[in-house]
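Read the structure below first, then the notes.
Whatever order the structure lists ligands and atoms in, that order sets their numbers, starting from 1. Source: prediction; values computed, not measured.
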Amino acid sequence: MVISCNTGCGKNAVLKRPKTGDALCKECFFWAFEEEVHHTITAAKLFNPGDYVAIAASGGKDSTVLAYVMKLLNERYDYGLKLVLLSIDEGITGYRDDSLETVKRNEQQYGIPLKIMSYEELYGWTMDRIVEKVGRKNNCTFCGVFRRQALDRGATLLKVDKIVTGHNADDIAETVLMNILRGDIARLQRCTAIVTGNEDTIARSKPFKYTYEKEIVMYAYFKKLDYFSTECIYSPNAYRGHARAYLKDLEKIRATAVIDVIHSGECLSVREGVKLPTQSICERCGHVSSQPVCKACVLLEGLNKGRPRLGIGKSSKVQERLGENHKKEVSGKDSQGSNHVPNGVALEGHAEVKSLDF
Ligand code: SF4
């Protein structure tokens, strides 16, 4: 049975919007999708005219659609932004090398310049080598921490004013659920914030905060965008997988579950006396950290010293131990009494220089 587009445009509907249930033609869906992102951007005042903005680009559907829509809205509404694609090469053979080829094509297709930062150049390690050392249990801890910092370092190097990431409504709702299930209420507020960062850091924002993952897939499909859809070969991420499956089950009985969970996360207030993580600067590498020594430096030290589990344990004990090591390093000796060469992060510091997720 042919159904007419609910907007009354006279065309036949080709899809049912997951977010509203409206039957729409392709053009009316594109328009609704783009206008909602525009509304999110303007309502939250994400940009100022003249801003230089790095789009965290992995070649996946979210960041590819984000790059396409950012360019389109920048031109349609004259935001006055200068855009750049910023990709992180984690060094995952058979995965990231292929997805980066997609980003390189996007660079040509959208006419947005591309900068690639690699773990190899920043940390002296690729994820392939890290997995060889740590196995497949904690690999995503290393990858996530390094990626986050690598994006910041890339953004600093490019001297951008802001970073945008392709995190969508489903990602945020899953993170809310994960934080609740872990009892990590202190992180709830930050994970639902549309903008994170402070005056000392480059602001990161999520223009897709209210955009459903299914609609991003539909948009990419109907626009025939060039994106990479293979999963990382090292992806276990079982915990997020459970949160995702739970959210999908909730959606079957309540279509608005994704937005409702985000809204709940925003409204949950933090009890008085609960210590919220405050962002400062790592005393070793000078990058953003909520601890005296940032997690990237802790993990890197463990890798370089052949003790890759060093950063996986209790953070207070690790910080204590690193504090002792750091004092020895400042006096020119490491724990074995030999002259210490600081790791790559410490050497590069601010001079050089965000990892996507994305
Ligand atoms: Fe890195 Fe993601 Fe692969 Fe984990 S699943 S190793 S975080 S790219």
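- In summary, Cys140 places no N/O/S atom under 2.8 Å from atom 3 (Fe) of ligand 1, failing the contact criterion.
- Between His167 and Phe208, the ring center distance fails the sub-6.0 Å criterion.
- Under the 4.5 Å side-chain criterion, counting only non-hydrogen atoms from C-beta, Leu100 is not in contact with Tyr95.
- Proximity of Glu215 to Arg17: side-chain heavy atoms (C-beta onward) are separated by under 4.5 Å at one or more points.
- Atom 1 (Fe) of ligand 1 has an N, O or S atom of Cys143 under 2.8 Å away, backbone or side chain.
- Atom NZ of Lys82 has 12 or fewer heavy atoms from other residues, nucleotides or ligands within 6.0 Å.
- At a 4.0 Å heavy-atom cut-off, ligand 1 touches Asn139 through the side chain alone.
- For ligand 1, the atoms sitting less than 4.0 Å from at least one non-hydrogen atom of Cys232 are 3 (Fe), 5 (S), 6 (S), 8 (S), numbered in the order shown with element in parentheses.
- A salt bridge links Lys104 with Glu101; the closest basic N to acidic carboxylate O contact falls under 4.0 Å.
- Close approach to Ser235 involves these atoms of ligand 1, each under 4.0 Å from a residue heavy atom: 5 (S).
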